Asker: 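Would you mind keeping the following structure in view while I ask a few things?
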Amino acid sequence: MTRLLSGGALIDRKTKLSFTFDGKEYRGVKGDTLASALLANGVRLVNRSYKYHRPRGVVTSGPEEPNALVNLGKGDRHEPNIRMTQIELFDGLEATSQNRFPTLKADVGVMNAAASKLYPAGFYYKTFIHPRPAWKHLFEPVIRRIAGLGRAPTEADPDTYEHQYAFCDVLVAGGGPAGLLAARRAGEAGERVMLVEQTERLGGRLLVDDDAEIDGRLAREWIDEQVAALEAMENVTVRLRTCASAAFDHGYTLLYERRADHKAPTGPRHRLWRVRAGRIVGATGMIERPIPFDGNDYPGVMLASAVRDYVRLYGVAPGARTVVYTTNDDGYRTALALHAAECEVAAILDSRPDPAGMLVERAREAGLRILPATGIGTVKGGLDGVRSIRTVRLDGTGETRFIESIDCDCVAMAGGWSPVVHLYSHSGGKVRWDADAAMYRPDPDHPPRNGTGEAYTIMIGGASGALTLADVLASAAGEGAAPSVHAASEHPAAPVWFTPSEGKAAYGGKHFLDYQNDVTVADIRLAAREGFESVEHAKRYTTLGMATDQGKLSNINGHAILAEALGKAMADVGTTTFRPPYTPISMGSIAGQEKGLLFKPVRQTALHDWHAAHGAEFEPVGDWRRPYRYQQGTEKRGASITREIGRVRKAVGLLDASTLGKITVKGPDAGAFLDRMYTNMMSTLKPGRCRYGLMCNDNGFLMDDGVVVRLDADTFLCHTTSGGSDRVHAWFEEWLQTEWFDLKVHTANVTEQWGQIAVAGPKARALIEALDGDVDVSAGALPFMGWTEGTLAGCPVRIFRISFSGELSFEIATPTGYALSLWEALMAAGADMGVGPYGTEALHVLRAEKGFIVIGDETDGTVTPHDVGLSWAVSKKKDDFIGKRAMMRSDLTRKGRKQLVGLLTDDPDYVLPDGAHALSADGRRAIGHVTSTYYSPTLKRSIAMALIEDGASKMGETLTVGIDRKTTVRARIASPVFYDKEGARQNV
Amino acid sequence: MLLIQCPYCGVEAEETEFAPGGEAHILRPGPDCTDAEWSAYLFERKNPRAVHHERWRHAFGCGKWFHMARHTHTLEVFGVYRADEAEPPQEIRDRIDARAAL
Ligand SMILES: [Zn+2]
């Protein structure tokens with residue numbers, strides 16, 4: 001629990017750093033992690049457990065850490081759930097503990113532990129079911145308060161993040177001895193190599209276990225030599241602090257680079273690399289397994305490899321007196337490292353009856369006390385962590401017998417090693433249980449395969465299951481000769497999946513499997529007893545492996561316990577799926593640059609700035625921004641809208657209609673093609689004329705509408721809804737390319753090539769005639785639904801005499817670059833006519849007064865043209881069109897379908913809510929709903945459109961509309977055309 | 001994230017550059033068909049754990065629709081071919097057969 005006087009391969013003792021944890025100031029040194037610095041300061045209690053609020057300390061020294069999660073930073077740089085073991089210490093670091101209230105040492109949630117008998121697996125599922133309202137108002141808020149990890153930040157993240165793309169022949173994941181050798185060999189073969197390492201240095205476990213010799217050189221010299229060779233090769237890129245997070249289909253790999261923080265003050269903080277690798281070499285190493293015994297979660301109980309790391313890499317003694325509990329020879333390395341650092345080793349407990357081998361002999365020679373066939377039955381401890389252990393005899397029967405108590409403050413667990421097979425598994429590779437080695441290894445017969453069916457991922461080194469340095473390097477050498485290795489040989493391990501406290505059962509204690517989710521051996525056994533026999537079911541029932549560490553420490557032990565409880569072989573129980581990312585990645589890195597204005601591109605018309613300068617309040621329409629209304633002075637919304645409507649009904653208004661979709665359809669078969677795309681006949685349309693058209697899908701439901709213009713014999717211009725242009729263009733292309741590829745037709749989406757201005761109102765013609773030009777817009781020359789072209793105010797124009805307001809109306813299209821100049825000319829020429837712009841809300845009221853539908857308001861994907869009273873636009877003459885067959889289906893022809901009607905409330909000032917339901921006579925059933933509803937300033941009353949069952953035959957009837965639980969409103973069914981039913985106003 | 005080659009423009013690109021269009025080679029019956037035939041055309045789709053012939057569009061590229069033979073589980077791509085081909089070309093069928101024989 002203190003800094004040792006010497007040693008610590010990674011630290012620079014001269015560079016002192018200060019930091020705070022829970023507000024208290026501490027000192028560390030350069031090279032420390034937050035975990036090593038806190039251990040050096042004697043801080044062992046760093047967290048409270050998730051469910052039982054038990055005191056917890058650091059267990060590991062790497063990314064597999066389940067306990068030591070902290071809140072890092074504060075304010076807008078606050079980040080929860082960061083693993084202390086991966087936080088490189090920097091000066092001024094601020095961290096706070098989580099999952100405790102009010103403090104770590106006095107946490108009220110600890111009552112959960114006292115009542116832990118009441119919290120078995122599935123407790124939440126079983127208990128908090130009834131009464132239903134209590135879940136929302138009582139149980140859930142309380143459970144969320146107690147069972148939380150860190151709190152989500154509340155302020156926007158000020159840092160920047162980016163996505164990067166890269167391509168390589170070989171991606172080597174992991175910079176340990178295997179990765180270094182594989183990268184070097186591939187580089188020397190001339191391949192483009194990317195080597196990534198999640199920590200900030202290369203060498204892996206060789207940095208810790210550096211007494212081996214490779215090719216006659218000391219381990220450290222060998223590492224330096226590989227690093228120098230890699231740096232010298234231009235075709236090799238080495239990226240540190242970069243984790244191969246995920247592997248997906250066809251060699252697509254995500255790398256998570258922690259670029260900045262304290263390392264680089266400018267530029268993006270994290271990068272998410274999207275790499276297409278020809279092949280992936282996984283050199284991701286192994287993770288040591290803990291051993292389930294009673295109290296294996298007290299602060300001070302750590303992985304043996306982590307104890308060794310703290311001693312050798314950071315010069316920190318995790319305890320003053322350590323007991324090593326091992327199932328294999330590697331545990332002895334930890335004992336020897338402690339001994340060499342002059343830390344007391346109280347005993348080595350070995351699960352094997354007759355430990356032997358070079359490492360065991362060295363421990364014997366060092367005078368360390370070795371207890372064969374012995375395990376830990378119980379750990380005694382408190383808030384300060386481990387105080388003593390009770391040893392038990394392991395005689396192979398599954399029952400244990402108490403031997404003695406040993407005082408200690410640290411326990412090193414060496415439960416064996418699990419290959420990190422995640423990258424292999426992410427992309428479809430299978431893993432296979434190797435009973436002899438007691439590990440899941442990548443199955444070379446079932447590798448991930450790329451798009452041409454070739455295996456593209458191999459795992460090497462520890463990740464392939466190689467346990468000794470010689471095997472690790474041999475697996476990485478590929479075709480070439482493996483380096484010669486001089487290192488201690490090792491004897492087989494004897495895995496211990498569970499040590500009963502005493503006797504046979506797990507009674508009276510907590511044998512933790514999953515520290516982060518507080519899942520114990522008893523929980524898994526309960527799940528098995530209750531029938532959750534599939535490993536995936538047991539996982540979900542107990543939450544084993546479902547925390548942020550994704551079961552890196554717990555899964556294998558948990559599956560072994562399940563296998564034992566079910567009386568099955570490990571291989572028959574199977575394992576859960578490894579899912580990306582390997583370790584949690586920041587939300588910022590996922591978003592990358594795509595936030596704020598870059599989140600989604602916004603489309604603006606050529607007139608956008610004019611609108612903005614004239615009081616426009618914009619609303620999104622598809623990707624467009626359209627003026628909703630133009631505010632004058634401080635007037636309220638309603639006042640603007642009323643003013644704009646009055647202007648169109650009484651004088652003349654201008655609408656920016658540029659957002660309407662415009663698709664050119666050209667070719668000798670254009671008419672025949674459009675006959676199939678629209679419900680009405682388009683081939684008979686004469687050049688110079690326009691026709692309102694409906695488009696359905698093959699279910700017979702409306703999907704778009706708009707005016708079709710015949711420009712010449714071979715060319716049509718199809719207007720679509722503002723949000724629909726891309727969809728409709730893609731729809732045209734799909735049919736042309738995949739169904740009717742015999743038709744000679746080309747299409748082009750020219751939406752953005754044209755600005756379009758609607759000039760609407762009784763003075764519309766006078767306004768256009770007031771401009772210089774060669775177009776004749778008189779009633780005789782340009783009748784309703786005709787079009788002409790020419791020049792107006794110096795702009796080349798097409799003028800369509802169409803109306804969406806029911807007034808005399810012209811839509812003038814001009815190339816986008818002319819749009820502003822034409823708009824300004826119209827504004828100037830109409831000044832004394834009362835001209836002005838109107839926005840989309842006025843547009844909607846104007847069209848609703850006329851009973852014109854809007855796709856998406858009156859239609860919802862289940863509405864046919866017949867339902868909305870547009871049967872006249874469905875051709876009976878055509879052999880086929882999209883939607884024709886579907887409209888013959890019984891459901892689309894039955895009585896009782898909802899039909900479009902108008903609704904007039906008894907109270908003319910009451911505006912129905914949008915979407916309100918109309919009720920049947922007995923009030924028990926909804927018979928339709930309101931689709932559009934407004935106050936009409938023209939009619940000085942409310943109007944609404946609605947889809948009502950058999951509505952067309954109920955004209956004049958009164959129905960009831962439900963507003964809320966208590967209120968209903970009466971309304972009369974009327975024609976949806978509320979204003980100028982004869983259409984006289986547009987025919988002048 | 002598949003890697004797909006467009007048979008028209010030849011570009012090999014990320015899956016995100018393409019848009020999937022479901023099962024290929026579905027014949028659209030005429031308006032005289034039965035309800036059952038129409039329903040099959042609209043709704044009935046294969047969902048094999050096997051080679052699937054499917055439609056894709058080079059949506060953020062040349063815009064062309066094409067066909068692809070892809071194994072839905074191994075994600076192996078046996079080839080791409082034109083949208084106006086009514087069945088996969090012989091060479092693609094040979095490749096599928098060769099894989100099945102392994
Ligand atoms: Zn293409």
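Chain letters run A, B, ... following the sequence lines, proteins first, then strands; residues in each count from 1. Not measured: the values here are computed from a predicted model.
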Asker: Within the distance-only criterion (no hydrogens, no angle test), does the side chain of H250(A) pair as donor or acceptor with the backbone N or O of L75(B) below 3.5 angstrom?
Answerer: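 Present.
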Asker: Thinking salt bridges, do D698(A) and R28(B) make one under a 4.0 Å N-O criterion?
Answerer: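 Yes, charged N to carboxylate O under 4.0 Å.
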Asker: Does any backbone or side-chain atom of L3(B) lie under 4.5 Å from a heavy atom of chain A? Answer side chain, backbone, both or neither.
Answerer: both
Asker: For R57(B), is it the side chain, the backbone, both, or neither that has a heavy atom closer than 4.5 Å to a heavy atom of chain A?
Answerer: side chain
Asker: From R99(B) CZ over to T452(A) OG1, what is the distance, rounded to the nearest 0.5 angstrom?
Answerer: 8.0 Å
Asker: Hey, could you give me the CZ/OH distance between R885(A) and Y41(B), rounded to the nearest 0.5 Å?
Answerer: 12.0 Å
Asker: As an exercise, state the distance from CG of D32(B) to CG of D879(A), rounded to the nearest 0.5 Å.
Answerer: 9.0 Å
Asker: Do other residues, nucleotides or ligands put more than 12 heavy atoms under 6.0 Å from R49(B) CZ?
Answerer: no
Asker: Can you tell me if CG on L598(A) sees more than 12 non-hydrogen neighbours from other groups inside 6.0 Å?
Answerer: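 Yes, CG of L598(A) has more than 12 neighbouring heavy atoms, counting only those of other groups under 6.0 Å.
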Asker: Count the heavy-atom pairs under 4.5 Å between each of G79(B), C33(B), A83(B) and chain A, then report the option with the highest count.
Answerer: C33(B)
Asker: Begin with the C-alpha distance, continue with both residues' side-chain angles, and end with the deciding distance and a verdict on salt bridge (charged side-chain N to carboxylate O under 4.0 Å, His left out) for R274(A) and E14(B).
Answerer: CA-CA 11 Å; R274(A) 299 168 168 204; E14(B) 304 280 340; over 6 Å; no
Asker: Return the option, out of F43(B), F78(B), W38(B), F66(B), with the maximum number of heavy-atom pairs under 4.5 Å with chain A.
Answerer: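 Between F43(B), F78(B), W38(B), F66(B), the count favours W38(B).
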Asker: Do the side chain of Q737(A) and the main chain of W65(B) share a donor and acceptor less than 3.5 angstrom apart?
Answerer: yes
Asker: Between G30(B), S39(B), P31(B), which has the largest tally of heavy atom pairs under 4.5 Å with chain A?
Answerer: P31(B)
Asker: Sort R82(B) into side chain, backbone, both or neither according to what part of it lies under 4.5 angstrom from a heavy atom of chain A.
Answerer: neither
Asker: Just so I understand: if I count every heavy-atom pair under 4.5 Å between each of M1(B), E76(B), R55(B) and chain A, which residue has the most?
Answerer: M1(B)
Asker: For chain B, find which of F741(A), Y252(A), F881(A), F248(A) contributes the most heavy-atom pairs closer than 4.5 angstrom.
Answerer: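 The option with the most such pairs is Y252(A).
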Asker: Which one, G251(A), A730(A), A886(A), leads in non-hydrogen pairs under 4.5 Å with chain B?
Answerer: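 Greatest number of close heavy-atom pairs with chain B: A886(A).
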Asker: Could you tell me which portion of N450(A) (side chain, backbone, both or neither) has an atom closer than 4.5 angstrom to a non-hydrogen atom of chain B?
Answerer: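 Just the backbone, heavy atoms under 4.5 Å.
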Asker: Counting heavy atoms not belonging to H25(B), are there more than 12 under 6.0 Å from its NE2?
Answerer: yes
Asker: Can you tell me how far CH2 of W740(A) sits from CG of D84(B), rounded to the nearest 0.5 angstrom?
Answerer: 16.0 Å
